[in-house]
2 protein chains.
Amino acid sequence: MNGAVVLFTERGYAGTSLDEVCKRARVTKGALYHHFSGKQGLFEAAFDAVEQDMLGRLAEIVSQPGDVWQTSMEGLRAYLQVCLEPAYQRIVLHEGPVVMGYEAWKQAEERFSFGLVRTAVSGLMDSGLIGELPEEPMARLLFGALAGGATMIVAAEDQKKASEEIGRCIESVVAGLRALKETGWTDRAVTTGQ
Amino acid sequence: MNGAVVLFTERGYAGTSLDEVCKRARVTKGALYHHFSGKQGLFEAAFDAVEQDMLGRLAEIVSQPGDVWQTSMEGLRAYLQVCLEPAYQRIVLHEGPVVMGYEAWKQAEERFSFGLVRTAVSGLMDSGLIGELPEEPMARLLFGALAGGATMIVAAEDQKKASEEIGRCIESVVAGLRALKETGWTDRAVTTGQ
DNA sequence: GTTTGCGCCATACCGTCGGTATGGCCGACA
DNA sequence: TGTCGGCCATACCGACGGTATGGCGCAAAC
């Protein structure tokens with residue numbers, strides 16, 4: 001199981017053979033197929049393991065006391081940090097939707113990382129810090145932005161610098177939504193630019 | 001070739017067999033392997049075809065005269081529309097990075113859709129409409145947000161409504177960056193929220 | 001204590017599919 | 001007319017996901 005996470009991370013889903021997983025786990029395919037429904041089932045188990053690991057570490061950060069803005073920003077930064085881990089990036093962000101199918105992946109994410117982002121957005125809106133934009137689309141955009149930023153960070157030569165830049169940009173985006181609310185622009189003003 | 005795009009779109013990369021592609025194109029594997037280096041080469045050709053098709057339709061919209069803000073917003077809306085097309089979504093956005101590898105996918109995107117987003121962001125910054133945040137990360141975030149929003153739209157029951165919501169949210173995000181610049185908040189104000 | 005049944009897993013095998021090796025067909029060109 | 005090379009059809013190989021079968025051990029039933 002742990003070996004499966006390693007192999008899926010290093011070689012991807014298609015590049016990982018079940019024989020190799022069995023060899024690393026010191027079992028045979030009979031045992032593997034007794035515990036999992038097949039290669040996809042094994043992948044979903046690895047997916048869940050990675051997500052659970054992430055969730056456990058993030059939960060305490062998000063649940064700490066403090067104002068909504070502070071905890072939201074810390075949560076975003078912490079999640080961005082998670083997105084840098086190879087296992088999370090490859091298994092959850094990149095191959096998850098392709099291997100599991102987008103619909104199943106979406107439902108799984110609802111219980112894990114996307115749920116975190118959604119509650120952060122919801123908290124910011126409920127406390128009136130950002131405008132009353134539709135919650136689901138905003139959360140989905142932010143989630144996509146985080147994933148896109150994370151993949152850039154990993155591909156960067158100076159990951160530390162890239163990570164800080166992305167973090168600042170994310171905060172600027174959310175701060176922009178806050179500024180937009182406080183200046184009280186109308187919808188028309190937004191679309192025309194004046 | 002066109003049949004390959006259809007099959008990769010409907011059944012994905014792993015679910016598409018070369019025999020099926022050959023049958024649809026009325027050729028044999030000998031012919032296929034004469035023109036393409038293999039399954040991955042075939043996928044990359046399909047990828048290029050889809051991207052070229054997209055680029056041709058978007059170029060005229062972006063290149064039309066008008067102020068930077070207007071054309072940028074129209075470009076974002078138009079690209080969002082492209083993201084709704086099944087072929088683009090599955091081949092370019094979802095399976096591209098997995099099949100081609102993230103590094104090759106990133107380089108290809110640089111010539112196509114990500115290039116468009118990057119020039120839009122660059123234009124907004126150069127004309128002073130949004131603050132001087134680092135360009136590459138901002139473009140990467142916006143690109144991820146667009147992709148995330150598009151996948152949500154496709155999964156929605158009411159795609160038209162979802163598309164309009166996402167469009168408004170995207171504009172709000174960029175408008176927020178504009179408001180942030182005009183109110184002149186400092187970095188410290190951003191991170192502390194006051 | 002024996003038997004029956006079941007959970008657990010090892011082994012051998014099959015079907016599919018990506019990829020290759022071989023050779024035939026046909027036009028260009030000397 | 002001989003031959004050389006681009007183009008492609010056919011037959012085949014190896015790898016891999018998945019399955020069928022059976023053995024082993026343990027616990028409940030009697």
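Throughout, protein chains are lettered first and strands after them, A, B, ... in sequence-line order, and every chain is numbered starting at 1. Hydrogens, waters and symmetry mates play no part in the numbers below; they use all other heavy atoms, side chains included.
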Check: What nucleic acid atoms does B:S17 come within less than 4.0 Å of, heavy atoms only: base, sugar-phosphate, or nothing?
Finding: sugar-phosphate

Notebook entry, point to check: Contact class for B:T16 (heavy atom, under 4.0 Å): base, sugar-phosphate, or nothing?
Noted result: sugar-phosphate

Checklist line | Residue whose nearest DNA chain C nucleotide is more 5′ - A:H34 or A:K29 | finding: A:H34

Notebook entry, point to check: Side chain of B:Y33: nearest nucleotide among D:dG18, D:dA9, C:dG19?
Noted result: C:dG19

Note to self: The side chain of B:T28 is closest to which nucleotide in this list: D:dA9, D:dC8, C:dA10?
What the structure shows: D:dA9

Next item on the list: By nearest nucleotide on DNA chain D, pick out whichever of B:G30 and A:Y13 is the more 5' one.
Entry: B:G30

Expressed in angstrom and rounded to an integer, what is the separation of [X] atom [atom1] from [N] atom [atom2]?
X: B:D19; N: D:dA9; atom1: CG; atom2: P; answer: 13 Å
X: B:F8; N: C:dG18; atom1: CZ; atom2: C1'; answer: 12 Å
X: B:H35; N: D:dA9; atom1: NE2; atom2: C1'; answer: 13 Å
X: A:F43; N: D:dG17; atom1: CZ; atom2: C1'; answer: 16 Å
X: A:F36; N: C:dC9; atom1: CZ; atom2: C1'; answer: 14 Å
X: B:L7; N: C:dC17; atom1: CG; atom2: P; answer: 13 Å
X: A:L32; N: D:dG18; atom1: CG; atom2: P; answer: 10 Å
X: A:E20; N: D:dG17; atom1: CD; atom2: C1'; answer: 14 Å

Check: Are A:D48 and A:R111 side-chain neighbours, meaning at least one heavy-atom pair lies under 4.5 Å?
Finding: yes

Checklist line | Side-chain heavy-atom pair B:V173, A:L180 within 4.5 angstrom cut-off | finding: no

Notebook entry, point to check: Going through the checks in order, is the side-chain contact (heavy atoms from CB on, under 4.5 Å) test met by A:M138 and A:M125?
Noted result: CA-CA 10 Å; A:M138 276 309 299; A:M125 284 188 187; 4.0 Å; yes

Margin query: I'd like to know if B:K39 reaches the base of C:dG19 with its side chain, counting only an N/O donor and acceptor under 3.5 Å.
Written below: no

Notebook entry, point to check: Within 45° of the axis and under 6.0 Å from the centre of the six-membered ring of B:Y13, does NZ or CZ of B:K39 qualify?
Noted result: yes

Next item on the list: Would you tell me whether B:E109 and B:S113 have side-chain atoms, one donor and one acceptor, within less than 3.5 Å of each other?
Entry: yes

